[in-house]
Participant: 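One structure is given below, represented as structure tokens, and several questions about it will come after.
The figures here come from the full heavy-atom set of this structure, side chains too, leaving out hydrogens, waters and symmetry mates. Here the structure is a predicted model, which is why all the values come from computation and not from measurement. Just so we're on the same page: letters track the sequence lines, and every chain starts at 1.
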2 protein chains.
Amino acid sequence: MRAWLAFMPAATLVGRELDRQLKEDTGLSHLQYEILIHLDEARQGAMRMTELAERLVNSKSGLTYQIGQMEKAGLVTRRQCEWSKSGVLAEITPEGRAMLERAAPGHVDKVREILIDVLTPEERRAIAEGLGRVRDRIIERNDGEACW
Amino acid sequence: MRAWLAFMPAATLVGRELDRQLKEDTGLSHLQYEILIHLDEARQGAMRMTELAERLVNSKSGLTYQIGQMEKAGLVTRRQCEWSKSGVLAEITPEGRAMLERAAPGHVDKVREILIDVLTPEERRAIAEGLGRVRDRIIERNDGEACW
DNA sequence: ACACCACGGTTCAAATTTGAACCGCTGTGA
DNA sequence: TCACAGCGGTTCAAATTTGAACCGTGGTGT
């Protein structure tokens, strides 16, 4: 029960804090940053919309919106998937990569500062294990059903 | 780092799942449920807006909005604070308490099901301790500054 | 009593999120 | 080849969130 009382507030606070730092330093929202990270990691720097949405734990329509914003800002492009006429690839642009390079160091520092460094090694392990399991359980449970 | 990769997604998923269950079973959002809980626990069943906002880790304007909605729904009332002409108390109504009684069992079950029961006792302890510390650190760090 | 600044809440417009409806593809079976 | 169910994305309106500006009070110092 105490775990519960710590978990959600901590998540909210950490999220808010990171959002703030990113927005202040780079103008990016946390979600936009995550989008860039995922695209940057993908081979070709591109990914299907739906897959991206799933990895980000975000709704499809929400992603459409954000990609729209980021396209305006020149950070990503939309491109048709080669082998399927429906199907859209979001691709990171050079500007997007540049932005990421500018944003990443500060962001990573912040994560360390407010989360990682506050935890003992074995707390980190417990969180990685335990919450990882929590996450996977929910994902897998929802997999059969309709998505958001 | 793995802790980080588990933490935020787990929080998002758990939040979404609870929101869904509550909305489906009772029509309440998670935030509204939390509001009722906090008011119900307060003596007199009432609390100052700002204090409530702080406890909920929510913005003041957001709270104003939600209390407005819940007032329309008859779950809470607004009342002037006795000893201060500015200052508003949000108070839970009998309907609000009834709603809470209807909502609580299912909600608590869900929390156990998707979070508590998935964790080992010592993971729970580590999360309570560690994330509790994370939470308190951020709160206290922000205390001096302007709030949201 | 007066000037002022901080506090408690609300308001307002803009940004974002949500969920359902929709539209053009895909591929599967008759 | 012809439905037709289901997927991938987008659109749309409605709900919510955000952050800054604002308004009346409270307390402080003079």
Side-chain angles (χ1 to χ4, degrees), chain A residues 12 15-20 22-24 27-35 46-73 76-91 142-148, chain B residues 12 15-20 22-24 27-35 46-73 76-91 142-148:
Chain A
T12 310
R16 206 199 296 293
E17 204 64 11
L18 292 177
D19 227 26
R20 182 154 60 155
L22 272 175
K23 196 105 65 186
E24 198 156 293
L28 251 40
S29 72
H30 190 214
L31 177 55
Q32 293 176 333
Y33 176 81
E34 289 292 316
I35 290 175
M47 206 186 293
R48 297 286 293 261
M49 294 294 280
T50 297
E51 185 182 357
L52 189 50
E54 270 167 22
R55 298 224 209 236
L56 292 167
V57 189
N58 217 286
S59 72
K60 286 188 302 173
S61 64
L63 182 60
T64 294
Y65 173 77
Q66 278 299 349
I67 292 288
Q69 297 304 99
M70 295 172 74
E71 202 168 16
K72 279 187 215 160
V76 301
T77 347
R78 255 185 258 250
R79 177 151 69 73
Q80 205 196 54
C81 177
E82 293 90 6
W83 44 278
S84 159
K85 232 161 291 183
S86 57
V88 175
L89 292 176
E91 180 172 22
N142 280 130
D143 238 5
E145 308 167 19
C147 77
W148 327 293
Chain B
T12 310
R16 206 198 297 292
E17 205 64 11
L18 292 177
D19 227 26
R20 181 153 62 153
L22 271 174
K23 196 106 62 186
E24 199 156 292
L28 252 38
S29 72
H30 191 213
L31 177 54
Q32 293 177 332
Y33 176 82
E34 288 293 318
I35 290 175
M47 206 186 293
R48 296 287 293 262
M49 295 295 279
T50 297
E51 186 182 356
L52 189 50
E54 270 168 22
R55 298 224 209 235
L56 293 167
V57 189
N58 218 286
S59 71
K60 286 188 302 171
S61 63
L63 183 60
T64 295
Y65 172 77
Q66 279 298 350
I67 292 288
Q69 298 304 98
M70 296 173 72
E71 202 168 16
K72 280 188 213 160
V76 302
T77 347
R78 255 185 259 251
R79 177 151 69 71
Q80 204 195 53
C81 177
E82 293 88 7
W83 43 278
S84 159
K85 231 161 293 185
S86 57
V88 174
L89 292 176
E91 180 171 22
N142 281 131
D143 238 5
E145 307 168 20
C147 75
W148 327 296

Participant: Taking the side chain as every heavy atom from C-beta outward, state whether B:Gln66 and B:Asn58 have any atom pair closer than 4.5 Å.
Facilitator: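 When only atoms from C-beta onward are counted, B:Asn58 and B:Gln66 do not touch, as no gap falls below 4.5 Å.
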Participant: Please confirm whether the shortest side-chain N or O distance from A:Arg78 to OP1 or OP2 of D:dG9 is below 4.0 Å.
Facilitator: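 Looking at the OP1 and OP2 atoms of D:dG9, neither is under 4.0 Å from any side-chain N or O of A:Arg78.
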Participant: Might you point out which heavy atoms bring B:Met49 and B:Thr64 nearest each other, and give the distance in Å?
Facilitator: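 Shortest heavy-atom separation between B:Met49 and B:Thr64 comes out as CE-CA, 4.0 Å.
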Participant: Which residue, B:Tyr65 or B:Ser84, contacts DNA chain D at a nucleotide closer to its 5' end, judged by nearest heavy atom?
Facilitator: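 The 5'-side residue here is B:Tyr65.
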Participant: Would you kindly compare B:Arg48 and B:Lys23 by the position of their nearest DNA chain C nucleotide and give the one closer to the 5′ end?
Facilitator: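 Result of the comparison: B:Arg48.
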Participant: Using a distance-only criterion (donor-acceptor N/O pair, under 3.5 Å, no hydrogens), is the base of D:dG19 paired with the side chain of B:Ser61?
Facilitator: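 Pair found.
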Participant: Are the side chains of B:Leu89 and B:Met47 in contact, using a 4.5 Å heavy-atom criterion?
Facilitator: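 Of all side-chain heavy-atom pairs linking B:Leu89 with B:Met47, none is under 4.5 Å.
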Participant: Could you tell me whether A:Gly62 contacts a base, only the sugar-phosphate backbone, or nothing, with contacts defined as non-hydrogen atoms closer than 4.0 Å?
Facilitator: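 Base, at least one base heavy atom under 4.0 Å.
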Participant: Could you check which of D:dT25, D:dG9, C:dT10 has an atom nearest any side-chain atom of B:Lys85?
Facilitator: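 Per side-chain heavy atoms of B:Lys85, the pick is D:dT25.
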Participant: Rounded to the Å, how far apart are B:His30 NE2 and C:dT18 P?
Facilitator: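 Distance check: B:His30 NE2 to C:dT18 P gives 15 Å.
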Participant: Quick one: A:Asn58 CG to D:dG8 P, roughly how many Å, whole number?
Facilitator: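 Value for this atom pair: 17 Å.
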Participant: Taking only side-chain nitrogens and oxygens of B:Gln66, does any of them come within less than 4.0 Å of OP1 or OP2 of D:dT17?
Facilitator: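 Looking at the OP1 and OP2 atoms of D:dT17, one of them is under 4.0 Å from a side-chain N or O of B:Gln66.
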Participant: Take B:Trp83 and B:Gln32, find for each the nucleotide of DNA chain D with the closest heavy atom, and name the residue whose nucleotide sits nearer the 5' end.
Facilitator: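 Whichever sits nearer the 5' end wins; that is B:Gln32.
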Participant: Less than 4.5 Å apart, any side-chain heavy atom of A:Lys23 and any of A:Arg20?
Facilitator: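 No, side chains not in contact.
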Participant: Please report the distance, rounded to the nearest Å, between CE in B:Met49 and C1' in D:dT25.
Facilitator: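 Atom-to-atom, B:Met49 to D:dT25, this comes out as 17 Å.
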Participant: If you check the B:Thr64 side chain, which of D:dT25, C:dG9, D:dG9 turns out closest?
Facilitator: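 The closest nucleotide is C:dG9.
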Participant: Any side-chain N or O of B:Arg16 under 4.0 Å from OP1/OP2 of C:dT17?
Facilitator: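 Indeed not, no polar side-chain atom of B:Arg16 lies that close.
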Participant: For B:Leu63 and C:dG9, give me the distance from atom CG to atom C1', rounded to whole Å.
Facilitator: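 To the nearest whole Å, that distance equals 10 Å.
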Participant: Below 4.0 angstrom from OP1 or OP2 of C:dT16, is there any side-chain N or O of A:Gln69?
Facilitator: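 Checking C:dT16 against A:Gln69, a side-chain N or O does come within under 4.0 Å of OP1 or OP2.
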Participant: It should be established whether A:Thr50 places a side-chain nitrogen or oxygen under 4.0 Å from OP1 or OP2 of nucleotide D:dG9.
Facilitator: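 Yes.
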Participant: Rounded to whole angstroms, how far apart are CZ on B:Arg79 and P on C:dG8?
Facilitator: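 Whole-Å distance recorded here is 18 Å.
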Participant: Quick one: A:Glu82 CD to D:dG8 P, roughly how many Å, whole number?
Facilitator: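 These atoms are roughly 16 Å apart.
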Participant: Go through it in stages, so that I can follow the logic: the residues are A:Ser29 and A:Leu22, the test is side chain to side chain contact (heavy atoms under 4.5 Å, CB included), and I'd like the CA-CA distance, side-chain angles, deciding distance and then a yes or no.
Facilitator: CA-CA 6 Å; A:Ser29 72; A:Leu22 272 175; over 6 Å; no
